[in-house]
Amino acid sequence: MAHLAWPSPGIRAQHSARREWERDVREIGYRFETTSGAGDVARSFAHLATGEESGVTVATAGRLMLSRPQGRIAFAELRDWTGGIQLFALAALTPDFEEFCRLSLGDWIGVTGEVVRTRRGELSVKVASWELLAQARRGFGDKWHGVSDPDIRYRQRELDLWANDGVRDIFLLRSKVIASIRRRLGAAGFVEVETPVLHPIPGGAAARPFVTHYNALHTDVYLRIATELYLKRCVVGGIERVFEIGRTFRNEGLSPRHNPEFTMLELYQAYGDYTDMMQIFEDIVAGTAEELLGTTVIPYQGRDIDLTPPWRRATLVELIAEHAGVEVDLSMGKEHLQRVASSLGVPFEPWYGPGKLMLEIYEKTTEAELWGPVFVCDYPQEVSPLARAHRSKPGYVERFEPIVAGRELGNAFSELTDPDDQRARFEEQERERALGDDEAMVVDRDYLRALELGLPPTGGLGLGIDRLVMLYADVANIKEVLLFPALRPEDNLSEARSTASGEPET
RNA sequence: GCGCCUCUAGCUCAAUUUGGCAGAGCAACGGACUCUUAAUCCGCAGGUUCCGGGUUCAAGUCCCGGGGGGCGCACCA
């Protein structure tokens, strides 16, 4: 829907009376000490029989989500992040009973009282005292339907978190996923580090960066598009098992699967190669599923995904043959692969080499068909400037992408360790940039100097945390796993309107 | 960036095949009610139908332009 005008007439009219009430009648507490969460109370007294009074007094706080005043008696539902519990108020027992009945949905209150189960069987706190902690001057949407408008849900996530069941659970799950990965990697001897977000030149991936300006140095800097090069410099420095979970930024369009800032795990292991990385992928993805969801077979968008290791391993060439029905190989040469691409309706630029052509064919015909999980192995060197040449297949590198539900979940390779080879690859990238590839890499001399100190054989991987959480949470849109996804700013709307209506821009 | 869909009260949704007084439920506001479970009942109020033009006696509805969002394509993880 359209953006939300504020303050809207409805809001003003609805709440002027309540502002009076708050100012004149009710103090807002500074502090409230709870003995337990609302949901914790519900769980620990679940055994109470109908009509039974526990004799135990608790103090708990949260938002009022339902209110059913009924004359000399009132029921309400208090909810906090542990769950919910019914409140049971009596005119004869509850202080300021009339005001308690006037509370609005969404108001925060703290209550103390005995835990009882009502005659109708609902576990409740019998309110012996209560305190207003904050007023909700805006509504929380329909109490049955919540708020379904995605624009409101994403722009006002704080409202969405209360109004729609399950939203908060996704973010609690996300937190647990990241905690679980940290724990697993820590147990495997990996050290977590933090490398710069502001890069003098963007590197480690093929992507367009965001540019910003560093005043003190009178120079432009780039928001990182990957953590890769700094992390491998850590390995050169002797941090043999290193990882970072951090935000990376890519200056590209929004989609249900892309946000310009996203969270990536990158990990590097000295003395390892890409086969070690496959094992780590399986351990993280299946292990975390087992730990948090209780199973390695998870439902996703109406189908099951079996994450149980070991995952299928197949080469890019094999999978293209399976799904596109064509035999391809780098040895066929550029012209032949162009003809194959044309016959499949795959568009390409004239400067694409055989490797880029092969990758395009894969991405247009095969990738989305792979339900997986499957490790797609052995990419053309041409499209993998940081990966080490395959030990037995000329023209290819030791690289794989794990594909689940038709999507790349990450990327991994046996790292290129030879500084001369790396320099040549960077220079090749610069030639491609000159030909029109604005995502091609540029020569990173700091990185080359590091390689000249000696990088041992190293396996590395990247894993998109947002996409992993999407799988676990069974959601199709990345915005569902980002608390505050990128949206067009509302502030631009009035400006856009005046521009559209013919007023000159300033 | 391109294509398709969509936008009506604070929220969820109605409004007859190009058109004929813009409605309901919930929330809010006033009242009744001593065991409710989306409580119920009575009353009251609530609108720039996303914005700007146009066609028409008459536009939420039809046409043009713009904006937000969703989905798809493209690019990427």
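Order of the sequence lines fixes the chain letters, A, B, ..., with proteins taken first and strands second; residue numbering starts at 1 for each chain. Side chains are part of it too, since the values below use all heavy atoms of this structure and drop only hydrogens, waters and symmetry mates. Not measured: the values here are computed from a predicted model.
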Participant: Are OP1 or OP2 of B:U34 and a side-chain N or O of A:Arg119 less than 4.0 angstrom apart?
Facilitator: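 The answer is no; no side-chain N or O of A:Arg119 sits under 4.0 Å from OP1 or OP2.
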Participant: Distance between the C1' atoms of B:G25 and B:A9, in whole angstroms?
Facilitator: 12 Å
Participant: What is the nucleic acid contact for A:Glu408, judged by heavy atoms within less than 4.0 Å: base, sugar-phosphate only, or nothing?
Facilitator: sugar-phosphate
Participant: Is it true that a side-chain atom of A:Thr50 and a backbone atom of A:Gly121 form a donor plus acceptor pair closer than 3.5 Å?
Facilitator: no
Participant: Examine A:Trp162 together with A:Trp108 and report whether their ring centres are nearer than 6.0 Å.
Facilitator: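 Close enough - the centres of the two rings lie under 6.0 Å apart.
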Participant: Using the C1' atom as the reference point in each nucleotide, state the distance between B:A39 and B:C62 in Å, no decimals.
Facilitator: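 Pairwise C1' distance, B:A39 against B:C62, rounds to 46 Å.
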Participant: So what does A:Tyr154 touch, heavy atoms closer than 4.0 Å: a base, only the sugar-phosphate, or nothing?
Facilitator: sugar-phosphate
Participant: Of A:Thr118 and A:Ile478, whose nearest nucleotide on RNA chain B comes first from the 5' end?
Facilitator: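 The answer here is A:Thr118.
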Participant: Describe the nucleic acid contact of A:Gly146 in one word from base, sugar-phosphate, nothing, applying a heavy-atom distance below 4.0 Å.
Facilitator: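 A:Gly146: backbone/sugar contact only, no base atoms under 4.0 Å.
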Participant: If you measure from OH on A:Tyr362 to CD1 on A:Ile320, what distance do you get to the nearest 0.5 Å?
Facilitator: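 That separation rounds to 8.5 Å.
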Participant: In whole angstrom, give the distance that lies between atom CD1 of A:Ile152 and atom P of B:G69.
Facilitator: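 Rounded to the whole Å, the gap is 13 Å.
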Participant: Which salt bridge (charged side-chain N to carboxylate O under 4.0 Å, His left out) pairs, counting each pair once, include a residue from residues 68-80 of chain A, with sequence neighbours left out?
Facilitator: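 Of all non-adjacent pairs touching residues 68-80 of chain A, those that pass salt bridge (charged side-chain N to carboxylate O under 4.0 Å, His left out) are A:Glu77-A:Arg79, A:Arg79-A:Asp165.
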Participant: Could you give the distance separating B:A38 and B:C26 at their C1' atoms, to the nearest angstrom?
Facilitator: 9 Å
Participant: Rounded to whole angstrom, note down the C1' distance from B:C57 over to B:C71.
Facilitator: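 Those two atoms are separated by 41 Å.
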Participant: If you measure from the P atom in B:G53 to the same atom in B:U17, how many Å do you get, rounded?
Facilitator: 29 Å
Participant: Pull out every protein N or O sitting under 3.5 Å from an N or O of nucleotides 71-73 of chain B, one pair per line with the distance.
Facilitator:
| from | atom 1 | to | atom 2 | distance (Å) |
| --- | --- | --- | --- | --- |
| B:C71 | OP1 | A:Asn477 | ND2 | 2.6 |
| B:C71 | OP2 | A:Asn477 | ND2 | 3.3 |

Participant: Is there ring stacking between A:Phe140 and B:A27, where the centres must be under 5.5 angstrom apart and the planes under 30 degrees?
Facilitator: no
Participant: Would you call A:Arg153-A:Asp149 a salt bridge at under 4.0 Å N-O?
Facilitator: no
Participant: Could you list, one pair per line, each protein nitrogen or oxygen that sits under 3.5 Å from a nitrogen or oxygen of nucleotides 39-42 of chain B, together with the distance?
Facilitator:
| from | atom 1 | to | atom 2 | distance (Å) |
| --- | --- | --- | --- | --- |
| B:A39 | OP1 | A:Lys143 | NZ | 2.4 |
| B:A39 | OP2 | A:Arg68 | NH1 | 2.3 |
| B:A39 | N6 | A:Pro69 | O | 3.4 |

Participant: Applying side-chain contact (heavy atoms from CB on, under 4.5 Å) between A:Ser54 and each of A:Lys126, A:Glu114, A:His47, report the one that passes.
Facilitator: A:Glu114
Participant: What's A:Glu401 touching, base or sugar-phosphate or nothing? Going by heavy atoms closer than 4.0 Å.
Facilitator: nothing
Participant: Regarding A:Gly253, tell me which of base, sugar-phosphate or nothing describes its non-hydrogen contacts under 4.0 Å with the strands shown.
Facilitator: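 A:Gly253: no heavy atom of the nucleic acid under 4.0 Å.
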Participant: Determine the contact category for A:Asn259: base if any of its heavy atoms lies under 4.0 Å from a base atom, sugar-phosphate if only primed atoms, P, OP1 or OP2 are that close, otherwise nothing.
Facilitator: base
Participant: Mind calculating the distance between CG (A:Asp149) and P (B:U8) to the nearest angstrom?
Facilitator: 7 Å
Participant: Give every residue pair that meets the salt bridge (charged side-chain N to carboxylate O under 4.0 Å, His left out) criterion with at least one member in residues 364-380 of chain A, sequence neighbours excluded.
Facilitator: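 Sorted result for residues 364-380 of chain A: A:Glu360-A:Lys364, A:Asp378-A:Lys393.
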Participant: Under the salt bridge (Lys or Arg N to Asp or Glu O under 4.0 Å) test against A:Asp466, which residue among A:Arg174, A:Arg407, A:Arg257 passes?
Facilitator: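 It is A:Arg174, the one option of A:Arg174, A:Arg407, A:Arg257 that forms the salt bridge (Lys or Arg N to Asp or Glu O under 4.0 Å) with A:Asp466.
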Participant: Between C1' on B:C11 and CG on A:Leu159, what's the gap in Å once rounded to a whole number?
Facilitator: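 Rounded to the whole Å, the gap is 9 Å.
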Participant: For the pair A:Tyr154 and A:Glu480, evaluate side chain to side chain donor-acceptor pair (under 3.5 Å) and give the outcome as yes or no after the intermediate values.
Facilitator: CA-CA 8 Å; A:Tyr154 299 145; A:Glu480 298 291 351; 2.9 Å; yes
Participant: Tell me, please, whether A:Phe484 has A:Arg157 positioned over its six-membered ring: NZ or CZ under 6.0 Å from the ring centre and within 45 degrees of its axis?
Facilitator: no
Participant: Counting the atoms with a prime plus P, OP1 and OP2 as sugar-phosphate, which does A:Glu360 contact under 4.0 Å by heavy atoms, base, sugar-phosphate, or nothing?
Facilitator: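 Result for A:Glu360 = sugar-phosphate.
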Participant: Any base atoms under 4.0 Å from A:Leu463, or only sugar-phosphate, or nothing? Heavy atoms, all strands.
Facilitator: nothing
Participant: Can you check side chain to side chain contact (heavy atoms under 4.5 Å, CB included) on A:Ile280 and A:Leu463, steps first, answer last?
Facilitator: CA-CA 11 Å; A:Ile280 289 175; A:Leu463 189 165; over 6 Å; no
Participant: May I ask you to list the residues of residues 276-285 of chain A, by number, that have any heavy atom positioned under 4.0 Å from an atom of RNA chain B?
Facilitator: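 When residues 276-285 of chain A is checked for heavy atoms under 4.0 Å from RNA chain B, there are no hits whatsoever.
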Participant: C1' atom, B:A59 versus B:G52: distance in rounded Å?
Facilitator: 15 Å
Participant: For B:G60 versus B:A15, give the span between their C1' atoms, rounded off to a whole number of Å.
Facilitator: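 Result for the C1' pair: 9 Å, nearest Å.
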Participant: Taking atom C1' in both B:G68 and B:G30, compute the distance separating them and give it to the nearest angstrom.
Facilitator: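 Result for the C1' pair: 38 Å, nearest Å.
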Participant: Please evaluate residues A:Lys232 and A:Glu415 with respect to the criterion salt bridge (charged side-chain N to carboxylate O under 4.0 Å, His left out), reporting the C-alpha separation (whole Å), side-chain torsions for both, the decisive distance (0.1 Å), and the verdict.
Facilitator: CA-CA 9 Å; A:Lys232 280 188 275 191; A:Glu415 302 295 337; 2.5 Å; yes
Participant: Let me have RNA chain B in dot-bracket notation, would you? Count Watson-Crick plus G-U wobble pairs, both distances under 3.5 Å, and use [ ] for pairs crossing earlier ones and | for inter-strand partners.
Facilitator: (((((((..((((......[..))))..((((.......))))......(((((..]....))))))))))))....
Participant: What is the distance from CG of A:Asp142 to P of B:A9, rounded to the nearest Å?
Facilitator: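 In whole Å, B:A9 P and A:Asp142 CG are 13 Å from each other.
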Participant: Examine A:Phe400 together with A:Phe375 and report whether their ring centres are nearer than 6.0 Å.
Facilitator: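 They qualify: ring centres under 6.0 Å apart.
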Participant: Hey, are A:Arg247 and A:Glu261 close enough for a salt bridge, meaning a charged N less than 4.0 Å from a carboxylate O?
Facilitator: yes
Participant: Quick check on A:Arg224: does its CZ atom have over 12 non-hydrogen neighbours (other residues, nucleotides or ligands) under 6.0 Å away?
Facilitator: yes
